[in-house]
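One structure below.
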Amino acid sequence: MLTNNKDKQLSSAEVAALWMTYTNNSLLLCTFRYFLAINEDRDIQAILEDGLKVFSERIVLMTNFFNEANLPVPDGFTDQDVNVNAPRLFTDNFVLYYLAQMAKAGAGLYSTYLPLVSRPDIVDFFVKCISRALDYSKWVTSLKLSKGIFVKPPMLEMPKTISYVKNKDFLAGLLKGERRSLHIREITLLFSNIQTNTLGKVMVTGFGQAAESEQVKEYMNQGKKIASKHIEIFSGILKKDNISASAPHWNDIVVTDSTVAPFSDKLMMAIIMYANQGGMEFYGAGLALDIRHDIVAKFIRLVTEVRKYAVDGIEIMIKNGWLEQPPQAVIPSALTKT
């Protein structure tokens, strides 16, 4: 139990973790409210209702953390950013894929924060966040399997014995004739990025269709082109080794013909901003693995493209006053004059 004001102070890492979690959870509250309003699947409804309860409780708890530390509570996203009366823009199956992606992102995000926080109640908070994200992931996977829409990674014939890399040709691939076959880590990485880009393509298609601002519409349409190109590139690498990588079928996560926005342009831009951040992290994993030089070269080019697209989006948000600034260090006035 915290007994004095000093105990209630938050480190910079704890403020950062709580600030990002508050903003993300307020965003998820908005999206879950809309998805629940249009939902026709009783199984998915249970997840959405549980998520709304959990995110609402977290918002209250984090608000208390900020207040106790005499820090401003983030604005995040509110009822003004969601229109629960908007017609269906996405299918229930899309919602299921979206939930899977959010659980994956949440588990990664909270796990990053956990080693950096030390206040016992904050540690406990993020332990519970990780546990809940893992529960959601298991729940959604089970649902996708039961509905026959879980897309499994490629099934391959595996070697019967272990082996070790003999020379640096293991990293080769830029020159004709030196390319080795893909190993399982590379295959998994490429498959995962095809999945992520497929979901992103559907999302920006819907947002581009419903956004109010022409600039936001254009931005979403550009994102659709980028996602399509990246899917083609990753699929092409696999096909060269006769590996077929399935993706969620477009008909399973189709966008309707509605042009009524379920979310504010601010919220839709924020969703894509976070998707861009996640995309760059996934591509960064491609650069960190011991993969062929030709694949590394592609990831460098593609992550640069995503980075430019992300910066363009942030500039749109800044121009419209939609980008809430994280807390910054207060520089003593004496230092600012030097």
Side-chain angles (χ1 to χ4, degrees), residues 24-25 27-55 82 84 86-108 130-156 187-207 209-210 224 227-228 230-231 234-235 238 243-258 262-263 268 271-272 274-275 278-279 282:
N24 288 339
N25 279 212
L27 182 152
L28 290 171
L29 266 175
C30 291
T31 57
F32 274 45
R33 285 185 60 209
Y34 169 68
F35 289 146
L36 184 60
I38 64 166
N39 176 70
E40 297 175 353
D41 188 311
R42 184 174 298 178
D43 294 326
I44 299 176
Q45 178 178 339
I47 298 180
L48 294 171
E49 289 176 342
D50 187 78
L52 283 172
K53 179 176 180 294
V54 169
F55 299 141
V82 58
V84 295
R88 173 181 291 272
L89 183 61
F90 301 106
T91 63
D92 285 338
N93 283 347
F94 167 85
V95 174
L96 203 51
Y97 278 101
Y98 176 85
L99 293 176
Q101 194 68 18
M102 292 305 99
K104 174 183 176 182
I130 294 170
S131 177
R132 179 65 69 170
L134 295 177
D135 286 342
Y136 282 142
S137 182
K138 181 179 178 180
W139 195 349
V140 171
T141 297
S142 177
L143 273 181
K144 287 198 291 185
L145 284 169
S146 69
K147 296 176 184 299
I149 61 171
F150 183 87
V151 182
K152 291 186 177 182
M155 304 296 289
L156 306 171
I187 294 168
T188 301
L189 179 69
L190 293 166
F191 170 80
S192 177
N193 280 302
I194 290 171
Q195 299 285 297
T196 301
N197 275 282
T198 300
L199 181 67
K201 179 180 176 180
V202 176
M203 188 180 300
V204 292
T205 298
F207 289 172
Q209 190 171 289
K224 180 179 178 180
S228 297
H230 289 203
I231 292 169
F234 294 138
S235 299
L238 292 171
I243 298 172
S244 176
S246 300
H249 196 281
W250 187 269
N251 290 336
D252 285 337
I253 51 176
V254 70
V255 177
T256 72
D257 59 0
S258 174
F263 310 122
M268 290 190 285
I271 291 173
I272 302 307
Y274 292 132
F282 298 150

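Keep in mind that what you see is a predicted model, and the values were worked out from it rather than measured.
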On the 0 to 90° scale, with breaks at 30° and 60°, tag the Phe234-His230 ring pair as parallel, tilted or perpendicular.
perpendicular

Which heavy atom in [X] sits nearest to a heavy atom in [Y], and how many Å separate them?
| X | Y | value |
| --- | --- | --- |
| Leu89 | Ser258 | CD1-O, 3.5 Å |
| Tyr136 | Ala103 | CB-CB, 4.0 Å |
| Val255 | Gly206 | CG1-CA, 3.7 Å |
| Gln101 | Phe282 | NE2-CE1, 3.7 Å |
| Phe90 | Met203 | CZ-O, 3.9 Å |
| Asn193 | Asn197 | O-ND2, 2.8 Å |

Under the 3.5 angstrom rule, does the side chain of Asp41 hit a backbone N or O of Asp92 as a donor-acceptor pair?
no

Donor-acceptor check, side chain of Thr205 to backbone of Lys201, threshold 3.5 angstrom: yes or no?
yes

Distance from [X] atom [atom1] to [Y] atom [atom2], nearest 0.5 Å?
| X | Y | atom1 | atom2 | answer |
| --- | --- | --- | --- | --- |
| Phe55 | Leu29 | CZ | CG | 7.0 Å |
| Ser142 | Lys138 | OG | NZ | 8.5 Å |
| Ile231 | Ile194 | CD1 | CD1 | 8.0 Å |
| Phe32 | Leu99 | CZ | CG | 4.5 Å |
| Ile44 | Leu143 | CD1 | CG | 7.0 Å |
| Leu36 | Tyr34 | CG | OH | 12.0 Å |

With the side chain counted from C-beta on, respond yes when [X] and [Y] share a heavy-atom pair under 4.5 Å apart, and no when they do not.
| X | Y | value |
| --- | --- | --- |
| Thr31 | Val82 | no |
| Lys144 | Val151 | no |
| Ile271 | Phe207 | yes |
| Ser244 | Leu238 | no |
| Leu48 | Arg33 | no |
| Val202 | Tyr97 | no |

Between Ser137 and Lys104, is the side-chain hydrogen bond (donor to acceptor under 3.5 Å, both in side chains) condition met? List the steps.
CA-CA 7 Å; Ser137 182; Lys104 174 183 176 182; over 6 Å; no

